[in-house]
Amino acid sequence: MKILVTGGCGFIGSHTVVELLNQNFEVVIVDNFYNSQKDVVDKIKEITKKDFKFYEDDCCDEAAMRKIFSENKIDAVIHFAGYKAVGESVAKPLMYYQNNLDSTLILAKVMKEFGCHKIVFSSSATVYGDPASLPIKEDFPLSTTNPYGTTKLFIERILKDLAYADKDLGVVLLRYFNPIGAHESGLIGENPNDIPNNLMPYIMKVAIKELPQVNVFGNDYDTKDGTGVRDYIHVVDLALGHIKAIEKIKDETGVLVYNLGTGKGTSVLELIETFAEVNHVDVPYQITERRPGDIAACYADATKAKEELGWEATKNLEDMCKDAYHFVKRVKNL
Ligand code: WQD
């Protein structure tokens, strides 16, 4: 099968391309490097010793997307491309709605024109909003509290409507929890250029002394130690979930929805302490005010993916912390 991976040089996209190539899928990447680095193309080839086609284009560019599909017989698409910073989306909603929705609408239009009927979409647990209970199941109510999350919800709705109208279409919606870690080679990982929004990249920058300390956003939540609880999942486990989704949808139609999480909740302080312990580094922190919009706790019920995809996360928190630190040390030549 030939798979088009939009955003294939990004954090989750690049790890998914590695696993696709490892399993002998043919891969075509389209990425505009808005939120990724150009050298990832060569890093993927170095890891896999495999080649693939690459297009430096924007998924909002209909002519570019039509060229990709005219030059390659695409059997399925994994759609990662999109802006993903929650805070930025609150400040720049129009940019988020235009980019994330237009890119998806153009992709869906060109897919239909070229007879490509399979898509795996990079959704997010953020579509569940603040869950009334835990763990979260796929049939929980959906609600969002920021434009980024709302674009994910809208795209899920768009893909469901397209599948209702076109009985040949097969859609898998993968709702990620909190992806962290890096490939064991240390060649690819999460490497934000500016001050990180997310916890793990922030911990990594404190560990290598680029930042002085972690600001723990509140310790007065109703959780095990008062700090926020999340379901951290190794990015390689997440990538493997996409392979299982492609294998599932290649012979099916309609819409399938799966949580990709570990089913375990970890607090901010637990993650900081685990990272420091397994990597033998100091990770200073201070308790600060809550971050507006944060929820207390969020973790998955991942049994549906296990039962229907034959997938479950296998790597633990220690693996995630070791691989993340190995990557950041390589990137910084430490
Ligand atoms: C995790 C916990 C914070 C930073 C977001 C998106 C979600 C997905 C993953 C894209 C929370 C606390 C954080 C810091 C802290 N992204 N924290 N100090 O908010 O769970 O999810 O990223 O799909 O859609 O919503 O991830 O890493 O930002 O926060 O104390 O400097 O760490 O309060 O409890 P989050 P996060």
Side-chain angles (χ1 to χ4, degrees), residues 7 10-13 15-16 35 79-90 96 100 121-131 134 136 142-153 155-156 173-181 190 192 194-207 210-235 238 241 259-262 264-275 283-300 317 320-321 324:
F11 175 42
I12 303 167
H15 285 83
T16 302
N35 195 24
H79 183 34
F80 292 105
Y83 299 154
K84 67 160 200 171
V86 169
E88 185 183 53
S89 78
V90 175
Y96 270 68
N100 291 6
F121 174 59
S122 166
S123 191
S124 167
T126 204
V127 301
Y128 294 114
D130 192 354
L134 293 167
I136 299 173
L142 304 181
S143 70
T144 52
T145 58
N146 59 76
Y148 157 75
T150 305
T151 67
K152 293 296 186 182
L153 192 54
I155 293 167
E156 287 198 3
L173 307 175
L174 296 180
R175 293 174 179 162
Y176 310 155
F177 281 72
N178 288 61
I180 62 172
E190 190 174 20
D194 46 14
I195 301 284
N197 295 304
N198 296 136
L199 179 60
M200 179 54 106
Y202 205 105
I203 290 173
M204 290 155 69
K205 287 191 182 278
V206 171
E210 270 192 20
L211 291 168
Q213 63 191 348
V214 177
N215 300 307
V216 176
F217 296 151
N219 67 344
D220 57 351
Y221 286 104
D222 182 15
T223 62
K224 59 182 94 171
D225 59 18
T227 64
V229 168
R230 297 292 185 273
D231 184 333
Y232 297 98
I233 177 171
H234 197 293
V235 64
L238 197 64
N259 289 335
L260 294 190
T262 67
K264 300 183 187 70
T266 299
S267 76
V268 176
L269 291 181
E270 284 174 327
L271 186 61
I272 290 172
E273 285 152 14
T274 303
F275 189 97
V283 182
Y285 65 87
Q286 66 175 354
I287 306 296
T288 62
E289 290 302 304
R290 291 184 177 192
R291 176 172 64 179
D294 272 354
I295 61 176
C298 172
Y299 54 90
L317 203 66
M320 299 176 213
C321 292

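All values reported here derive from a predicted model rather than from experimental measurement. Position 1 is the first residue of the sequence; numbering continues from there. Order of appearance sets the numbers: ligands from 1, and atoms from 1 within every ligand.
For atom 17 (N) of ligand 1, the closest non-hydrogen atom of the protein is Phe217 CD1, 3.6 Å. Scanning the protein for heavy atoms near atom 24 (O) of ligand 1, the closest one is Ser124 OG, 3.1 Å. Given atom 26 (O) of ligand 1, the protein heavy atom at minimum distance is Asn178 ND2, 3.2 Å. Looking from atom 3 (C) of ligand 1 to the surrounding protein, the closest heavy atom is Asp294 OD2, 3.4 Å. The nearest protein atom to atom 20 (O) of ligand 1, hydrogens excluded, is given as Arg230 NE, 2.6 Å; this is a heavy-atom distance. Among all non-hydrogen protein atoms, the one lying nearest atom 22 (O) of ligand 1 is Asn198 ND2, 3.1 Å. Scanning the protein heavy atoms around atom 18 (N) of ligand 1, the nearest turns out to be Asn215 O, 2.8 Å. Closest to atom 29 (O) of ligand 1 among all protein heavy atoms lies Arg291 NH2, 3.3 Å.
In Tyr148, the part holding a heavy atom less than 4.0 Å from any atom of ligand 1 is the side chain.
Under a 4.0 Å heavy-atom criterion, Tyr232 is in contact with ligand 1. Using a 4.0 Å heavy-atom cutoff, Tyr221 is absent from the residues neighbouring ligand 1.
Interatomic distance, OG of Ser124 versus CG of Leu260, reported as 11.0 Å (0.5 Å rounding). To the nearest 0.5 Å, atoms CZ (Phe11) and OG1 (Thr16) are separated by 10.0 Å. Here the OG1-CG distance, from Thr227 to Asp294, works out to 11.0 Å after rounding to the nearest 0.5 Å.
Residues Pro179 and Leu238 share a closest heavy-atom pair of CB-CD2, 3.6 Å.
At a cut-off of 3.5 Å, with distance as the only test, a side-chain donor of Asn100 or Thr151 sits close to an acceptor on the other residue. Counting only N and O atoms by type, the side chains of Glu88 and Tyr96 include a donor and acceptor under 3.5 Å apart. In summary, the side chains of Ser122 and Tyr176 do present a donor paired with an acceptor at a separation below 3.5 Å, with no hydrogens or angles considered.
Looking at Val86, Thr145, Ile12 and measuring to atom 25 (O) of ligand 1, the nearest heavy atom belongs to Val86.
Which parts of ligand 1 touch Thr126 is read off a 4.0 Å heavy-atom cut-off, strictly below it: atoms 24 (O). The distance from ligand 1 to the heavy atoms of Asn197 drops below 4.0 Å at these ligand atoms: 4 (C), 28 (O). Against a heavy-atom cut-off of under 4.0 Å, Val216 is close to the following atoms of ligand 1: 30 (O).
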*Intermediate values then yes/no, side chain to side chain contact (heavy atoms under 4.5 Å, CB included), Asn198 and Glu190*: CA-CA 10 Å; Asn198 296 136; Glu190 190 174 20; 4.1 Å; yes
*Going through the checks in order, is the side chain to side chain contact (heavy atoms under 4.5 Å, CB included) test met by Tyr148 and Lys84?*
CA-CA 6 Å; Tyr148 157 75; Lys84 67 160 200 171; 3.8 Å; yes
*Tell me, with the steps shown, if Arg175 and Leu142 meet side chain to side chain contact (heavy atoms under 4.5 Å, CB included).*
CA-CA 12 Å; Arg175 293 174 179 162; Leu142 304 181; 3.5 Å; yes
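Annotation: Lys84 places no N or O atom under 3.5 Å from an N or O atom of ligand 1; distance criterion only. Residue Tyr202 has no N or O atom closer than 3.5 Å to an N or O atom of ligand 1. Residue Leu199 has at least one nitrogen or oxygen atom sitting less than 3.5 Å from a nitrogen or oxygen atom of ligand 1, judged on distance alone.
Within the 4.5 Å cutoff, the side chain of Phe275 has heavy atoms near those of the Met204 side chain.
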